[in-house]
Amino acid sequence: MSLQVKQLVKHFEGVKAVNGVNFELRAGECVALIGPNGAGKSTLFACIAGQHALTAGEVLWAGVRLNDLNPALRLARGVARTFQVAQTFEALTVLQNVQLLLQAPHSLAPYSVLDEAFKVEALALLARVGLQHVAHTDALGLPYGAKKRLELAMALAGLAGASGPRLLLLDEPAAGLAGAERSDLMTLIQSLAHDDSNIAVLYTEHNMDAVFGVADRVLVLIDGLIAAQGLPHEIAQNELVRTRYLGQVAESADLAKPVAAPKPERASASSTPVLTVQDLNVWYGAAQALFGVSLQVGRGELVVLQGLNGAGKSTLLQAIMGLSPRVVGLASYEKNNISNWPAHQRARAGLGYVAEDRRLFAGLTVQENLSVVARGNARALQEKVLDMFPALKPLLQRQARQMSGGEQQMLAIARTLMTEPKFLLLDEPCEGISPVLIEGIVQALLLLRAQGMPMLVAEQNKLLADRADRVITLVAGQLSP
């Protein structure tokens with residue numbers, strides 16, 4: 001009743017993503033896999049779950065060799081995974097997403113005839129992950145953090161038909177969740193293994209509270225190899241881990257928060273509004289997501305949006321960018337009423353938007369992602385942008401789909417900067433970034449602010465909020481007094 005990974009190797013056209021990994025995981029354990037962005041964590045998950053064929057090595061689960069089994073057959077053997085970017089059926093309701101996975105081992109009837117099939121069991125799983133109240137909401141309209149919880153419920157549903165021991169591979173399961181929500185979900189994930197000796201959990205996370213406060217053991221992946229493994233307190237004091245992964249975090253008393261760097265010199269912010277939102281209301285179908293939101297961002301200001309998962313932060317940014325389906329209210333940018341402008345016209349006027357799910361051109365290289373949106377002197381602009389994100393320089397010829405989540409996040413910000421925006425809307429810019437890189441992202445954004453770039457940023461943590469000019473809190477789609 002264990003997972004055995006033996007000399008696992010996975011190469012992509014010369015890129016050595018995983019290069020000889022060995023470890024064992026027993027049922028009843030909850031183990032964290034950590035490492036810098038690009039270390040190979042998601043690739044390792046894909047090799048175990050069957051999305052990638054191995055270059056070399058062997059994977060065994062409960063004594064069965066998995067190498068030649070496709071993902072569906074591995075699921076039937078009790079191996080399920082979630083993804084770094086949540087994978088759900090967007091056109092289905094939350095309930096139907098789970099019903100479909102519960103039904104899969106029995107038949108392949110279309111979702112339209114699910115009706116009452118496995119409804120009780122599906123609702124019980126949704127209650128377990130805290131989504132029963134949105135059971136009849138389309139997955140498309142869910143906040144990103146809720147999609148991550150739905151994906152966990154789907155993974156559990158997929159394992160419901162497995163007869164033997166079960167293995168859960170969770171790729172950043174708490175991404176997009178606020179502190180209390182993250183803590184609740186990680187407690188649930190821990191209990192899945194501890195309360196059922198028939199389940200093993202292997203998960204990746206960049207939030208150190210979700211690692212050192214939850215895991216029974218910690219595996220550290222660096223450059224495609226297991227560089228260290230042990231108990232959480234042992235890993236926290238490991239010199240290689242502190243240097244290559246934790247970075248400044250290891251020097252802080254609180255392992256979850258990077259040490260604040262000095263603020264760069266900046267031009268003074270102005271109270272003159274460059275962006276004004278007045279009485280903004282947003283609907284997804286019949287469900288109203290924002291209720292009469294009004295705010296202003298002055299020239300040179302950094303304003304941070306905070307609030308629980310589902311409070312409406314992403315919806316507000318999308319509405320300002322012209323990406324929401326139904327919006328009523330006034331949006332003004334540089335004294336122009338942009339309420340009826342399409343998204344591309346707002347972008348041409350100077351609004352730059354970085355979505356939480358990044359929306360990169362997966363099949364294009366880093367170089368191509370940057371150059372395809374460039375305006376003016378692309379070469380000079382690219383050099384300037386890459387100076388802000390030096391980790392991207394050696395990756396220019398790598399396809400976006402082959403990059404780690406943190407690398408993709410940096411590319412998403414860099415690509416938006418290639419459009420030479422005059423105002424930035426950023427949705428969780430530090431989510432999915434390893435601790436050693438987080439401060440670099442923060443400093444890049446603070447440098448932009450110092451140069452006079454106004455920004456409206458949604459974030460769950462306080463990496464930017466502690467350095468913002470103002471913090472605005474949304475509660476259930478409304479501004480908190």
Side-chain angles (χ1 to χ4, degrees), residues 88 90-94 131 133-147 176 178 271-299 301-357 359 416 419 421-428 454-460 470-481:
T88 60
E90 302 282 80
L92 305 188
T93 67
V94 170
L131 291 179
H133 62 292
V134 292
H136 299 291
T137 300
D138 288 345
L140 178 63
L142 288 180
Y144 188 67
K147 286 184 181 180
S271 59
T272 303
V274 62
L275 175 74
T276 299
V277 172
Q278 186 174 339
D279 197 24
L280 199 69
N281 299 270
V282 177
W283 289 263
Y284 292 98
Q288 188 167 356
L290 290 182
F291 301 82
V293 172
S294 298
L295 60 85
Q296 292 182 334
V297 180
R299 200 168 303 279
E301 270 197 310
L302 168 60
V303 178
V304 168
L305 281 171
Q306 292 205 313
L308 295 176
N309 182 51
K313 303 185 300 299
S314 297
T315 297
L316 177 56
L317 296 185
Q318 290 166 7
I320 293 171
M321 197 62 206
L323 298 172
S324 294
R326 183 185 170 199
V327 180
V328 174
L330 173 68
S332 173
Y333 171 66
E334 292 284 18
K335 299 182 180 180
N336 295 307
N337 183 351
I338 63 172
S339 304
N340 296 318
W341 289 12
H344 71 271
Q345 189 174 354
R346 301 186 196 206
R348 287 173 180 169
L351 289 179
Y353 172 58
V354 181
E356 186 175 23
D357 56 3
R359 303 185 187 182
T416 297
T419 68
K422 299 174 183 176
F423 189 108
L424 277 178
L425 302 163
L426 299 114
D427 200 351
E428 300 289 354
M455 285 180 276
L456 182 60
V457 183
E459 70 164 1
Q460 296 281 9
R470 288 184 291 124
V471 176
I472 297 173
T473 301
L474 281 172
V475 178
Q478 302 180 71
L479 290 182
S480 177

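Position 1 is the first residue of the sequence; numbering continues from there.
For S339, the side chain to side chain donor-acceptor pair (under 3.5 Å) criterion is met by N337, not counting sequence neighbours. Partners of P342 according to the side chain to side chain contact (heavy atoms under 4.5 Å, CB included) rule, which considers only residues two or more places apart in sequence or in another chain, are H344, Q345. With sequence neighbours left out, the side chain to side chain donor-acceptor pair (under 3.5 Å) criterion links E459 to no other residue. Applying the side chain to side chain contact (heavy atoms under 4.5 Å, CB included) rule to A349 yields the partners Y333, W341; only residues at least two apart in sequence or on another chain are considered. Not a single side chain to side chain donor-acceptor pair (under 3.5 Å) links N336 to another residue, sequence neighbours left out. Under the salt bridge (Lys or Arg N to Asp or Glu O under 4.0 Å) criterion, R348 pairs with no residue at all, not counting sequence neighbours. Shown here are the side chain to side chain contact (heavy atoms under 4.5 Å, CB included) partners of A347, two or more places apart in sequence or in another chain: M321. Partners of T88 by side chain to side chain donor-acceptor pair (under 3.5 Å), not counting sequence neighbours, listed by chain and number: E90.
In this structure, W283 CH2 and L290 CG are separated by 9.5 Å, a value rounded to the nearest 0.5 Å. In this structure, NZ in K313 is found 8.0 Å from CG in L305, a value given to the nearest 0.5 Å. L479 CG to L295 CG: the interatomic distance, rounded to the nearest 0.5 Å, is 6.5 Å. Between the CG atom in L474 and the OG atom in S314 there is a gap of 10.0 Å [rounded to 0.5 Å]. From I338, atom CD1 reaches atom CD1 of I320 across 8.0 Å, with rounding to the nearest 0.5 Å. Distance check: L456 CG to I472 CD1 gives 6.5 Å after rounding to the nearest 0.5 Å.
With contacts defined as side-chain heavy-atom distances shorter than 4.5 Å, the pair R299/E334 qualifies.
The two residues L426 and L424 make their nearest non-hydrogen contact at CD1-CB, 3.7 Å. In terms of heavy atoms, A289 sits closest to T315 at CB-CG2, 4.0 Å. The heavy-atom pair separating L323 from R359 by the smallest distance is CD1-NH1, 4.1 Å. Across all non-hydrogen atoms, the minimal contact from P421 to L351 is CB-C, 4.5 Å. A146 approaches L131 most closely through the heavy-atom pair O-CD1, 3.6 Å.
Pairs of residues two or more places apart, or lying in two chains, never qualify as side chain to side chain donor-acceptor pair (under 3.5 Å) while including a residue from residues 471-481. Within the structure, every pair that satisfies the salt bridge (charged side-chain N to carboxylate O under 4.0 Å, His left out) test and touches residues 470-481, not counting sequence neighbours, is listed here: E301-R470. Residues in residues 322-332 take part in no side chain to side chain donor-acceptor pair (under 3.5 Å) pair, two or more places apart or across chains.
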Please tabulate, one pair per line, all N/O donor-acceptor pairs under 3.5 Å involving side-chain atoms of residues 274-281, not counting sequence neighbours.
from : atom 1 : to   : atom 2 : distance (Å)
N281 : OD1    : Q288 : NE2    : 3.1
N281 : OD1    : G292 : N      : 2.9
N281 : ND2    : D279 : O      : 3.0

